[in-house]
Amino acid sequence: SNPTCEIPDIEAWVERARPVGAYVIVDATFASPVLMKALDLGVHMVMHSCTKFIGGHSDILCGMLSTRSIQVASQLRGERSLVGGIPGSLECFLLLRSLRTMHLRVMRQSQSAVVLASFFSRHPHVTVVHHPSLPSHPSYELCRRYMRQGPPGVMSIELASPELVSQALSKLELFVQATSLGGVESLVDWRYRYDSSMPETLIRISVGLEDPVDLIKDWDQALGTQLYTAAGDGDDNKMEARYEDRIVHIAASTSSSSSSSLPTSTITKPISAPLTVITTSSSSSSSSSSSS
């Protein structure tokens, strides 16, 4: 869910839908195809905003629907032709460029997000951390079950006061304030400014490809603390080595995520290959806005 990263029990919904013939459709934009294969869980259709992690460079407006039904895919392609949401040659070129690095980008963002979430979970000015890499998150077990490669590169935090939120955002140097996510650059978004249903102290964070040590330093100074240097006993090299070791450990853990010790899915994997329909312009707006 956006922005608290809660994950539904997808297999349970599939089981509930089967007796009544209902369709189960998953918006997997936060996970991307790298972190979760939703079609393998028995859902009928998966939606991605390619503008986000799949595009990864904040320069594409594109959406994607995947299904294993030849009939549904044919209908979607027909409607796409009638509506006119067919990607142009530039969008196709940029998307192909992005797909070549998608796995590397998404895995790095996931690993950095775990490190950053751990830092926030120990910070005195952060009251809540919404990221399923933490055991305190309500979707921690479901994330381990469904996102075997690692948690998403998006999180939200809640600070002690709205004034602290304003102060931190004004002092951040590496994080750009923007309502998007999944790009190579790290972004922050104060949701309350245009959605009063959100907590006033909540900030959504999209982790980019910058060095996570630099990202932690940036938040440390923006929140007016010196936890980074304090934890390293004043030795910046010690602290940097500590977080670099943490990143290596996370990378090793995610690369061995196929271990039988991890929870396994109960639904048999379909053998047919997925069919994908990509749209752009007005046809992709619903996919893009769902994760904005």
Side-chain angles (χ1 to χ4, degrees), residues 1-17 24-49 52-54 106-123 126-159 181-182 187-189 191 195 197-199 201-207 212 246 249-251 253-267 269 287 290-292:
S1 63
N2 182 13
T4 56
C5 298
E6 295 183 18
I7 303 169
D9 191 338
I10 299 173
E11 291 179 335
W13 279 103
V14 170
E15 290 296 335
R16 293 178 62 183
V24 179
I25 303 174
V26 172
D27 183 346
T29 296
F30 274 28
S32 84
V34 175
L35 301 180
M36 183 171 69
K37 306 294 190 294
L39 286 177
D40 292 350
L41 302 176
V43 306
H44 299 87
M45 188 179 298
V46 180
M47 178 172 68
H48 290 278
S49 172
K52 309 302 192 296
F53 284 102
I54 294 179
V106 172
M107 290 302 298
R108 173 69 181 205
Q109 288 167 301
S110 173
Q111 294 159 11
S112 296
V114 172
V115 176
L116 199 58
S118 177
F119 169 78
F120 285 134
S121 69
R122 294 170 172 81
H123 201 287
V126 179
T127 59
V128 183
V129 183
H130 301 281
H131 195 252
S133 66
L134 300 174
S136 58
H137 193 274
S139 298
Y140 173 73
E141 292 297 336
L142 286 173
C143 182
R144 294 182 66 244
R145 180 178 177 184
Y146 294 141
M147 302 178 69
R148 303 284 293 280
Q149 297 296 319
V154 182
M155 72 183 72
S156 291
I157 61 173
E158 296 183 41
L159 302 185
L181 57 94
L187 306 176
V188 288
D189 185 18
R191 308 289 289 177
D195 184 358
S197 67
M198 292 287 107
T201 57
L202 184 143
I203 303 173
R204 189 183 69 185
I205 301 171
S206 175
V207 181
R246 173 71 171 146
H249 172 71
I250 295 167
S253 300
T254 54
S255 66
S256 60
S257 61
S258 59
S259 169
S260 58
S261 63
L262 291 174
T264 57
S265 300
T266 58
I267 294 181
K269 178 180 178 180
S287 174
S290 66
S291 301
S292 64

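Every value quoted in this text rests on a predicted model; they were computed, and no experiment measured them. What's counted below: heavy atoms across the whole structure, side chains too, no hydrogens, waters or symmetry copies.
Considering NE2 of His130 and SG of Cys5, their distance stands at 9.0 Å, rounded to 0.5 Å. Going from atom OG of Ser32 over to atom CG of Leu35 covers 4.5 Å, rounded to the nearest 0.5 Å. Atom-to-atom distance recorded for Leu116:CG and Ile205:CD1 is 5.5 Å, nearest 0.5 angstrom. With rounding to the nearest 0.5 Å, the separation of CZ in Phe53 from CD in Gln109 is 5.0 Å. Distance check: Leu159 CG to Ile157 CD1 gives 4.5 Å after rounding to the nearest 0.5 Å. Between atom CD1 of residue Ile203 and atom OG of residue Ser156 there is a gap of 9.0 Å, rounded to the nearest 0.5 Å.
Partners of Cys143 according to the side-chain contact (heavy atoms from CB on, under 4.5 Å) rule, which considers only residues two or more places apart in sequence or in another chain, are Ile7, Pro132, Met147, Pro151. Scored by the side-chain contact (heavy atoms from CB on, under 4.5 Å) test, Ala17 finds Ala22, Val24 as partners (sequence neighbours excluded). For His123, the side chain to side chain donor-acceptor pair (under 3.5 Å) partners two or more places apart in sequence, or in a different chain, are Thr225. Listed by chain and number, the residues in a side chain to side chain donor-acceptor pair (under 3.5 Å) with Thr4 are Ser1 (sequence neighbours excluded). For Ser136, the side-chain contact (heavy atoms from CB on, under 4.5 Å) partners at least two apart in sequence or on another chain are Leu134. Residues that satisfy the side-chain contact (heavy atoms from CB on, under 4.5 Å) test with Met198, not counting sequence neighbours, are Pro3, Arg191, Asp195.
Annotation for Met155 and Ala117: closest pair CE-N, 3.9 Å, computed over non-hydrogen atoms. The minimum heavy-atom distance linking Lys52 with Thr29 is given by the pair CG-CG2, 3.6 Å. Considering all non-hydrogen atoms of both residues, Pro152 and His131 come closest at O-NE2, 2.8 Å. Taking each heavy atom of Val34 and Gln149 in turn, the nearest pair found is O-CG, 3.4 Å. Of all heavy-atom pairs spanning Ser121 and Ser118, the tightest one is OG-O, 2.7 Å. Considering every non-hydrogen atom in both Ser133 and Tyr140, the closest pair reads O-CE1, 3.5 Å.
A donor-acceptor pair shorter than 3.5 Å cannot be found between the side chains of His137 and Glu6.
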* To do: Test side-chain contact (heavy atoms from CB on, under 4.5 Å) on Met47 and Val26 and set out the steps.
  => CA-CA 6 Å; Met47 178 172 68; Val26 172; over 6 Å; no
* Please test Val43 against Trp13 for side-chain contact (heavy atoms from CB on, under 4.5 Å), starting from the C-alpha separation and ending with a verdict. => CA-CA 9 Å; Val43 306; Trp13 279 103; over 6 Å; no
* Asked: Can you list the steps and then say if Val46 with Lys37 is a side-chain contact (heavy atoms from CB on, under 4.5 Å)?
  -> CA-CA 9 Å; Val46 180; Lys37 306 294 190 294; over 6 Å; no
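In this structure, the side chains of Met36 and Ile10 come closer than 4.5 Å at one or more pairs of heavy atoms. Using a 4.5 Å heavy-atom threshold, the side chains of Val188 and Arg204 count as separate.
Between the side chain of Tyr146 and the main chain of Glu11, a donor-acceptor pair closer than 3.5 Å is present. Remark: side-chain polar atoms of Ser112 are paired, donor with acceptor, to backbone N or O of Arg108 under 3.5 angstrom.
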